[in-house]
Amino acid sequence: MQNSKKLRNWLDAFGLDHPLVIAGPCSAETQEQVLAIAHQLKDTDASVLRAGIWKPRTRPGNFEGVGALGLKWLQEAKDQTGMMTTTEVANTNHVDLALKHDIDILWIGARTTVSPFVVQEIADALQGTDKTVLIKNPVNPDLALWLGAVERFYSANIQNLGVIHRGFSTYEKTKYRNNPEWQIPIDLQNQFPDLPLILDPSHIAGRRDIIFELCQTALDLNYDGLMVETHFDPDSAWSDAKQQITPQTLDKMTVDLRIRKKGDDKVEFNNELSKLRAQIDVIDDKIVQMMGKRMNIADNIGVLKKDHNVAILQVKRWNEILGRMILAGEHNKLSEEFVLRLYKAIHQESIGHQKKVFKET
Ligand code: PEP
Ligand code: MN
């Protein structure tokens with residue numbers, strides 16, 4: 001993607017001194033609902049109204065969206081409030097209808113980004129458009145697939161592009177509905193620093209109480225915007241009720257969020273420093289999480305050793321681990337001395353865990 005600075009033109013055109021905020025309900029439900037939410041949002045930081053018209057449901061039987069009818073409601077909301085509008089398109093028919101109803105920004109959903117065939121069909125249908133296209137990450141943690149979708153649109157001569165980070169599905173249950181895997185958008189940002197990056201905290205969280213902290217992490221990582229599901233009565237929403245917040249909560253949130261403004265050399269230096277520190281925080285969180293998982297496994301080994309009357313310390317195994325890790329360290333530019341000290345500490349903690357298991361069970 002040459003000339004990548006151009007990718008930001010659409011974003012710069014907003015002329016905002018804060019990150020772009022896209023807000024609105026998960027789904028358009030009724031005309032009254034869309035209009036009421038738009039009016040509650042119009043005096044907040046939100047410049048773009050979102051609403052799903054066609055809803056991709058993982059399992060059938062849930063609300064699948066009101067369909068084309070809802071596009072008229074978005075048009076009406078735009079007329080009444082002056083907000084721009086955005087909705088998800090998942091096939092060429094959706095594209096035709098969205099263009100006919102003058103939707104300003106089209107987003108590609110996570111379940112669409114996974115399919116290069118469908119992405120290509122949509123890119124062909126949009127060939128040369130000056131509409132903005134935002135591409136959500138695929139449901140699976142695969143940076144190449146995400147970038148591949150961006151490249152398909154770029155090759156179709158669509159230059160107003162951006163990406164939305166909405167988290168990745170995991171089989172394992174975590175505190176998130178979709179694991180953020182921050183390292184993936186960080187890698188993407190390092191490869192394409194000019195490609196606008198927007199956080200969708202709602203689909204990552206799946207719940208209201210961690211939306212703020214997700215947004216703060218994203219802003220610390222220098223994201224360009226936020227897309228937040230917003231409903232005047234979240235608990236009664238027809239889809240994704242648990243994760244939606246009210247326009248009033250969104251408004252308060254944007255006041256409380258720490259936003260880094262552009263400025264002179266010193267400000268830019270501090271911005272860059274905080275971004276790099278936020279990247280380190282992401283990795284540190286992961287290291288401690290992985291250590292916790294490692295110790296859980298050590299506990300299980302402890303139970304097994306106790307049941308079979310085997311000593312905790314197995315020197316042969318310990319030497320094998322050390323040898324393997326020193327080699328891996330070399331490949332990752334880590335000194336032998338550091339790996340030795342690190343693994344001695346980890347091993348010590350593991351033994352401590354196992355001793356506890358021996359005592360307790
Ligand atoms: C949505 O934004 O409502 C949606 C369905 O998102 P995703 O494609 O991220 O699941
Ligand atoms: Mn949703």
Side-chain angles (χ1 to χ4, degrees), residues 20-29 33-34 37 41 46 48-67 70-71 73-74 85-91 94-95 98 103-115 118-119 122 132-142 145-146 149-150 162-170 176-181 184-185 188 197-208 210-211 214-215 218 223 225-247 250:
L20 175 71
V21 179
I22 303 172
C26 175
S27 305
E29 298 166 2
Q33 175 242 19
V34 172
I37 294 172
L41 285 170
V48 183
L49 176 69
R50 65 148 282 157
I53 300 294
W54 302 281
K55 299 305 297 177
R57 310 314 307 195
T58 300
R59 309 272 306 267
N62 294 310
F63 176 56
E64 295 194 329
V66 291
L71 293 169
W73 309 340
L74 278 173
T85 53
T86 181
T87 198
E88 172 174 353
V89 290
N91 59 40
H94 295 167
V95 168
I103 299 291
D104 301 291
I105 298 175
L106 308 177
W107 91 73
I108 309 300
R111 293 162 194 76
T112 305
T113 310
V114 291
S115 168
V118 182
V119 168
I122 298 175
T132 297
V133 179
L134 300 178
I135 301 147
K136 285 202 172 196
N137 67 257
V139 281
N140 51 322
D142 186 339
L145 195 55
W146 196 3
V150 177
V163 290
I164 302 176
H165 171 213
R166 52 78 78 192
F168 302 88
S169 69
T170 48
Y176 304 106
R177 175 176 173 194
N178 291 294
N179 217 346
E181 304 279 8
I184 295 178
L188 178 139
L197 173 60
I198 292 169
L199 180 81
D200 169 348
S202 311
H203 291 88
I204 292 179
R207 50 195 255 198
R208 277 167 220 144
I210 53 174
I211 291 195
L214 285 165
C215 291
Y223 278 45
L226 305 168
M227 184 202 249
V228 187
E229 284 189 343
T230 319
H231 194 291
F232 58 71
D233 182 8
D235 284 333
S236 316
W238 296 3
S239 59
D240 289 351
K242 287 204 185 87
Q243 69 198 32
Q244 304 206 51
I245 59 174
T246 61
L250 175 77

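It should be emphasised that the depicted structure is a prediction, and the values quoted were computed from it without experimental measurement. Just follow the structure's listing: the first ligand is 1, and inside any ligand the first atom is 1. For the numbers below, each heavy atom of this structure counts, side chains included, while hydrogens, waters and symmetry mates do not.
- In the model, Asp240 has no side-chain atom that pairs as donor or acceptor with a side-chain atom of His231 under 3.5 Å.
- Partners of Ser27 by side chain to side chain donor-acceptor pair (under 3.5 Å), not counting sequence neighbours, listed by chain and number: Ser239.
- Nearest heavy atoms, Leu41 versus Pro247: CD2-CB, 3.8 Å.
- Note: Trp238 and Phe63 have perpendicular aromatic rings, judged against thresholds of 30 and 60 degrees for the angle between ring planes.
- Asp240 contributes OD2 as its N, O or S atom closest to the Mn ion (ligand 2).
- The Mn ion (ligand 2) is the vertex of the angle joining NE2 of His203 and OE2 of Glu229, which measures 90° to the nearest 10°.
- Judged by distance alone, the side chain of Lys55 and the main-chain N or O of Asn62 form no donor-acceptor pair under 3.5 Å.
- Salt bridge Arg50/Glu229: present, at least one basic N to carboxylate O contact under 4.0 Å.
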For ligand 1, list all ligand N or O to protein N or O distances below 3.5 Å, rounded to 0.1 Å.
{"unit_1": "ligand 1", "atom_1": "2 (O)", "unit_2": "Arg50", "atom_2": "NH1", "d": "2.8"}
{"unit_1": "ligand 1", "atom_1": "2 (O)", "unit_2": "Arg50", "atom_2": "NH2", "d": "3.4"}
{"unit_1": "ligand 1", "atom_1": "2 (O)", "unit_2": "Lys136", "atom_2": "NZ", "d": "2.9"}
{"unit_1": "ligand 1", "atom_1": "3 (O)", "unit_2": "Arg50", "atom_2": "NH2", "d": "2.9"}
{"unit_1": "ligand 1", "atom_1": "3 (O)", "unit_2": "Lys55", "atom_2": "NZ", "d": "2.7"}
{"unit_1": "ligand 1", "atom_1": "3 (O)", "unit_2": "His203", "atom_2": "NE2", "d": "3.3"}
{"unit_1": "ligand 1", "atom_1": "3 (O)", "unit_2": "Glu229", "atom_2": "OE2", "d": "3.3"}
{"unit_1": "ligand 1", "atom_1": "6 (O)", "unit_2": "Lys136", "atom_2": "NZ", "d": "2.9"}
{"unit_1": "ligand 1", "atom_1": "8 (O)", "unit_2": "Ala110", "atom_2": "N", "d": "2.9"}
{"unit_1": "ligand 1", "atom_1": "9 (O)", "unit_2": "Lys136", "atom_2": "NZ", "d": "2.8"}
{"unit_1": "ligand 1", "atom_1": "9 (O)", "unit_2": "Arg166", "atom_2": "NE", "d": "2.6"}
{"unit_1": "ligand 1", "atom_1": "10 (O)", "unit_2": "Arg111", "atom_2": "NH1", "d": "2.8"}
{"unit_1": "ligand 1", "atom_1": "10 (O)", "unit_2": "Arg166", "atom_2": "NH2", "d": "2.8"}

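- Between Trp54 and His94, the ring planes are parallel. Angles under 30° get that label, and only those over 60° would be called perpendicular.
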